[in-house]
Amino acid sequence: MPELPEVEGVVRGLQPVVTGKLIKSVDVSPTIIHSKENGKEAIIKGADVESFQSALPGMAIVRIERRSKYIYFHLKNQDGESFLLVSHLGMSGAWFYVRSLDDIMEEKFKKHSHVTLHFDEDDMLVYADIRRFGELRLLETEADYPPLLLMAPEPFNKGALDHYLNMSLLPRYENKPIKEFIMDGHVVSGCGNIYATEALFNLRIHPARKVKRISKERKIQLFHEIVAVLLDSIENGGSTISDYRSINGGAGTMQHRLQMYSKKNCPICGKPTKQKTIAGRTSTYCGSCQK
DNA sequence: CACACTCCCCGGTTGC
DNA sequence: TGCAACCGGGGAGTG
Ligand SMILES: [Zn+2]
């Protein structure tokens with residue numbers, strides 16, 4: 001599952017190879033066309049296939065950046081007008097920069113290639129998504145899709161800590177489990193199940209502890225731990241678990257450094273770890289070490 | 001208006 | 001070998 005570090009890895013992989021490319025045409029898989037015809041918002045969101053497909057040709061990719069778990073492709077058309085192609089990888093999305101679809105080595109991704117941006121006959125960027133939880137949106141600005149404006153600041157930016165502390169005092173959050181709180185994209189950008197699990201374990205905080213039962217000092221420590229874990233993961237290329245792939249199917253090594261996520265035994269005391277569903281997500285923790 | 005709750009989107013994986 | 005249940009990021013809809 002791509003979280004902030006994994007998306008950062010994808011963006012760093014994309015930047016040198018597709019910045020400056022001019023989109024000549026766009027292919028959409030029959031599967032997606034079929035779903036869209038049945039009224040489903042399959043991958044291509046907020047637009048029908050035809051308008052998405054006809055809008056992109058003639059646009060150039062001028063810049064690529066990560067914002068939370070989203071990839072922003074900044075585009076410019078021939079008249080110099082700016083657009084934003086926003087990509088979220090969902091559970092199983094991946095980008096492949098290839099000469100042809102056959103260059104996608106893993107069959108399960110090749111089989112689920114859904115959107116192809118063609119730059120030339122043998123030069124293309126392919127979006128593959130096994131479970132189709134990902135999304136692509138063509139906007140003029142972020143404001144065209146208001147949820148983007150509600151995302152928490154980037155965790156590495158000044159202001160992110162204060163934002164998080166302020167949110168922790170709101171009625172809607174004070175009774176929430178701390179794990180649900182830090183995984184909420186309106187509170188912290190880009191922290192999903194893996195890194196929330198790690199940060200809480202590293203600080204010995206029980207994932208179900210209520211937000212209001214954590215001191216300000218402890219909350220500050222936790223925020224800094226989340227940042228530290230995210231940075232460590234970025235340095236290690238992210239965690240390659242199940243369907244996450246970096247660009248062109250590459251793998252990270254952070255999964256080998258995880259202490260608690262998907263572990264059977266606690267690395268501190270050796271007792272079997274516990275599992276609890278918090279906010280609909282499986283949460284692994286040590287019942288002895290985490291309070 | 002704020003909040004709580006449910007549903008949906010999928011297919012690989014798991015378990016009976 | 002078959003098949004149903006399970007899982008999950010995050011928006012949208014309902015009450
Ligand atoms: Zn322990």
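Keep in mind that this is a model prediction, so the values were computed, not measured. Just so you know, these numbers use all the heavy atoms, side chains as well, and skip hydrogens, waters and symmetry mates. Just so it is clear: chains get the letters A, B, ... in the order the sequence lines come, proteins before strands, and each one is counted from 1.
For the pair Lys45(A) NZ and dC9(B) P, the computed distance is 10 Å after rounding to whole Å. Rounded to an integer number of Å, the gap from NZ of Lys69(A) to C1' of dG11(C) is 14 Å. Separating the CZ atom of Phe181(A) from the P atom of dC3(B) is a distance of 13 Å, rounded to the nearest angstrom. Spacing between atom CG of Leu150(A) and atom C1' of dG9(C) amounts to 16 Å, rounded to whole angstrom units. Spacing between atom OH of Tyr195(A) and atom C1' of dG8(C) amounts to 16 Å, rounded to whole angstrom units. As a whole-Å value, the separation of Ile43(A) CD1 from dC10(B) C1' is 10 Å. Atom P of nucleotide dC1(B) and atom CG of Leu170(A) are separated by 17 Å, given to the nearest angstrom. One atom, CG of Leu136(A), and another, C1' of dG10(C), lie 16 Å apart when rounded to the nearest Å.
When distances are taken from the side chain of Tyr70(A) to each of dG12(B), dG11(C), dG8(C), the shortest belongs to dG11(C). When each of dC9(B), dG11(C), dG8(C) is scored by its nearest atom to the side-chain atoms of His186(A), the top-ranked nucleotide is dG11(C). Closest to the Ile130(A) side chain, of the nucleotides dG11(C), dC3(B), dG11(B), is dG11(B).
At the phosphate of dG10(C), OP1 or OP2 sits under 4.0 Å from a side-chain N or O atom of His88(A). Put simply, Thr277(A) has no side-chain N or O that comes within less than 4.0 Å of OP1 or OP2 on dC6(C).
Not one N or O on the side chain of Gln259(A) forms a donor-acceptor pair closer than 3.5 Å with the backbone of Glu198(A).
When the nearest nucleotides of DNA chain B are assigned to His112(A) and Asn175(A) by heavy-atom distance, the more 5′-ward of the two goes with Asn175(A). Residues Asn193(A) and Arg137(A) both approach DNA chain C. Their nearest nucleotides, taken by heavy-atom distance, put Asn193(A) toward the 5′ side. Residues Lys108(A) and Pro171(A) both approach DNA chain B. Their nearest nucleotides, taken by heavy-atom distance, put Pro171(A) toward the 5′ side.
Here Ser92(A) lies out of heavy-atom contact (under 4.0 Å) with every strand. At a threshold of 4.0 angstrom between heavy atoms, the contacts of Tyr145(A) are confined to the sugar-phosphate backbone, with no base atom among them. Gly280(A) comes within 4.0 angstrom of sugar-phosphate atoms only, judged by non-hydrogen atoms across all strands, and of no base. Residue contacts shown for Arg281(A) include a base, since a base heavy atom lies under 4.0 Å away.
Considering only heavy atoms from C-beta on, Lys76(A) comes within 4.5 Å of Ser82(A) through its side chain.
Heavy-atom minimum distance, Ile247(A) versus Gly13(A): CG2-CA, 3.6 Å.
Counting distance only, with no hydrogens placed and no angle test, the side-chain atoms of Arg132(A) and the base atoms of dG11(B) include no donor-acceptor pair under 3.5 Å.
The side chain to side chain donor-acceptor pair (under 3.5 Å) with Thr284(A) is formed by just one residue from the set Lys264(A), Lys263(A), Gln275(A), Lys274(A); it is Gln275(A).
Between Phe181(A) and Tyr164(A), the angle of the ring planes lies from 30° to 60°, which puts this pair in the tilted group.
Figure legend: cation-pi geometry between Arg67(A) and Tyr72(A) absent, as NZ or CZ is not positioned both under 6.0 Å from the six-membered ring centre and within 45° of its axis.
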